[in-house]
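None of these values were measured; they are calculated from a predicted model. A note on names: the letters A, B, ... follow the listed sequences, proteins ahead of strands, and every chain is numbered from 1.
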Number of protein chains: 2
Amino acid sequence: MKKFINSVDTLLDESLRGFALAHADIVRLNPAPRFVCRTAPAQPGKVALISGGGSGHEPLHSGFVGHGMLDAACPGQIFTSPTPDQMLAAAQAVDQGGGILFIVKNYAGDVMNFEMAAEMLDIPNAGILVDDDVSIPEHSSSGRRGVAGTTIVEKIVGAAAESGMTLEECRMLGERVVKATASMGVALKSCTVPALGRPSFELADDELELGVGIHGEKGRERIALTTAGNIVERLASTIDDALKPAQGQRALLHINGLGATPLLELYLIYDLARLFWDQRGVSVTRSLVGNFTTSLDMSGCSITLTLLDDEMTRLWDAPVHTAALRWNC
Amino acid sequence: MKKFINSVDTLLDESLRGFALAHADIVRLNPAPRFVCRTAPAQPGKVALISGGGSGHEPLHSGFVGHGMLDAACPGQIFTSPTPDQMLAAAQAVDQGGGILFIVKNYAGDVMNFEMAAEMLDIPNAGILVDDDVSIPEHSSSGRRGVAGTTIVEKIVGAAAESGMTLEECRMLGERVVKATASMGVALKSCTVPALGRPSFELADDELELGVGIHGEKGRERIALTTAGNIVERLASTIDDALKPAQGQRALLHINGLGATPLLELYLIYDLARLFWDQRGVSVTRSLVGNFTTSLDMSGCSITLTLLDDEMTRLWDAPVHTAALRWNC
């Protein structure tokens, strides 16, 4: 295993300390229990947005803490859910009296632990559940996974909370964004989890995995290596089938790198996906290209489409000042 | 070779088209000869800053075109210098009457072609030469290579040009930033150039390359795989020897990913480098962590330190609005 680490046991703490030092103007780290919150507290009465999940997906979620987005993020060990005590401590630290809203990616461990935290806080456990991965059938037993669409949900709901919307308004908006969002990924090469020391799965030199999850979960199909054009056609068709956008529909197109894929290739994927929806009368009015929901050093990417309305567009454009997303601020 | 491409021949054009589509509010692409320039022209009389180099280092340089940074960037083929006709066309497109200033990484082909373009434009060919890679002895025949410090030079000189400084002031400032900047890189795994189809160099599973260049050029030394702490000690010591910062010196610390290294590891490197200079009385007052000067899918990173004064700090903080760097704007 070739990685820049001192030891598997200290990796996460060292990395989080570096993150907090590099962005001390934006975030503060609580080392135990682990959470990252804003350096400057939000205004009184604001809904507090808290997310979290296993580490290894950076900049998600810690990189999204700051004005206009999250109030706090709880990083678990690599690819491991954070624990309820982290969420409880984070909630107590950022509570401004407007209520606490959890944004949770749909994985059994995350869902269970956020539910336990909600119980301990005596708040309704109806957070926003993100399940945008349409590579999985909608009615599978554990439902669809939360993947790169999470960035979009956290940005739009983050702007809503910052603008003074109530807890219930934020929650309903979040559900609306989730419904309007679909993602699908593809892997060329597995990532290597430090504690494991070897690739999470093996792909032959002439194979790729369609519909891979952000932890290297098995995808929808393993196919022979093919052109970027064919890959985009497969991903975009599946997304398009799930969302069924109307002619003239406006949308946000997000190409997300899984960690080891060069920007050169991500922009090529963008170009192909853009053409795909142009030809279907969908007007891509907002774009995001880069590594946002990663899977350590996995070579691969995902396509996310969010159907936009005026309110969502306005909230997407609203000022944001985090380590990983920053504009109009 | 596993990459998201349609063909080696069309990769660059497709990627640039995607880039320009995704950031149409910031940049415009001229397809032939290839250059990227700002969508909104700069104010009359502003010094026009133009950079360029081989592709494969994205977001450098095209991702740095926009308000507060470059006026245009000329992308060559992958790891290949752009040609003088590109630079000439870019200069003619962005000339606002304040003069043209080239920012050139120190590689023989880039230097020669920017000199030819300067001759064709009948302008002094004294652009800003970036040669921050201190892994190479200062008086080697071809000099030191330009690597990740380029981002810092382009940001600071970009802000100076935007603020109305003259051509000569911008040039002198650029030379000052270059002198105050030192970088050194390390590779764990080679990149794969699409036209070649195989890794540019081979490293055993228990080896790493210290002082690697951003095209996979041979480094200073090949050593056995070791801890991140030992690696940072080697890179930071070499940088510190080159810059010899005084006690109490302020500095910008830039940890640059070469393409395939997770943010988790880059922030761990940041933490270690920060501690290294803390212990030497150097005060890191500005930071930049992420993939900015990449080498396709190379697994590795570099450390860059720039010694800051008040003017450089103010210009670093000045508004910037590009695809890859955006703040206060």
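Contact count versus chain A (heavy atoms, under 4.5 Å) is highest, among B/Arg274, B/Lys2, B/Glu58, B/His23, for B/Lys2. In terms of heavy-atom pairs under 4.5 angstrom with chain A, the leader among B/Gly300, B/Ala273, B/Ala324 is B/Gly300.
Interface residue A/Leu296: backbone and side-chain heavy atoms are both found under 4.5 Å from chain B. If you measure heavy-atom distances from B/Val284 to chain A, you find no contacts under 4.5 Å at all. Heavy atoms of B/Leu188 lying under 4.5 Å from chain A belong to its backbone as well as its side chain. Both the backbone and the side chain of B/Pro59 come within contact range of chain A, judged by heavy atoms closer than 4.5 Å. Of the atoms belonging to A/Met298, not a single heavy atom falls under 4.5 Å from chain B. For B/Leu288, no part sits under 4.5 Å from any heavy atom of chain A, backbone or side chain. The parts of B/Leu21 that come within reach of chain A are both its backbone and its side chain, each placing non-hydrogen atoms under 4.5 angstrom from that chain. Neither the backbone nor the side chain of B/Cys191 comes within less than 4.5 Å of any heavy atom of chain A.
Separating the OG1 atom in A/Thr39 from the NE2 atom in A/His67 is a distance of 14.0 Å, to the nearest 0.5 Å. A distance of 4.0 Å separates CZ of B/Phe4 from SG of A/Cys301, quoted to the nearest 0.5 Å. Here the OG1 atom belonging to B/Thr293 is positioned 8.5 Å from the CD1 atom belonging to B/Ile152, to the nearest 0.5 angstrom. Rounding to the nearest 0.5 angstrom, the gap separating the CZ atom in B/Arg326 from the NE2 atom in B/His321 is 4.5 Å. A distance of 7.0 Å separates CD1 of A/Ile303 from CG of A/Leu253, quoted to the nearest 0.5 Å. Rounded to the nearest 0.5 Å, atoms CG (B/Leu70) and OG (B/Ser62) are 9.0 Å apart.
Judged purely by atom type and a 3.5 angstrom limit, A/Ser295 uses its side chain to pair as donor or acceptor with the backbone of A/Ile214. Judged purely by atom type and a 3.5 angstrom limit, B/Thr322 has no side-chain atom pairing as donor or acceptor with the backbone of B/Val65. With hydrogens and angles disregarded, no donor-acceptor distance shorter than 3.5 Å links the side chain of A/Thr150 to the backbone of A/Ala148.
Within residues 7-17 of chain A, the residues approaching chain B closer than 4.5 Å by heavy atoms are, in numerical order, A/Leu11, A/Leu12, A/Glu14, A/Ser15, A/Arg17. Within residues 256-265 of chain A, the residues that have a heavy atom under 4.5 Å from a heavy atom of chain B are A/Gly259, A/Ala260, A/Thr261, A/Pro262, A/Leu263, A/Leu264, A/Glu265, listed by number.
No side-chain donor from either of A/His254 and A/Thr304 sits under 3.5 Å from a side-chain acceptor of the other. Residues B/Ser190 and B/Glu202 have side chains that never bring a donor and an acceptor to within less than 3.5 angstrom of each other.
A salt bridge links A/Asp297 and A/Lys3; the closest N-O separation between the charged side-chain nitrogens and carboxylate oxygens is under 4.0 Å.
Side-chain contact between B/Asp271 and B/Leu275 is absent, with no heavy-atom pair separated by less than 4.5 Å.
Outside the 6.0 Å centre-distance limit, the rings of A/His57 and A/Phe292 are not counted as a close aromatic pair.
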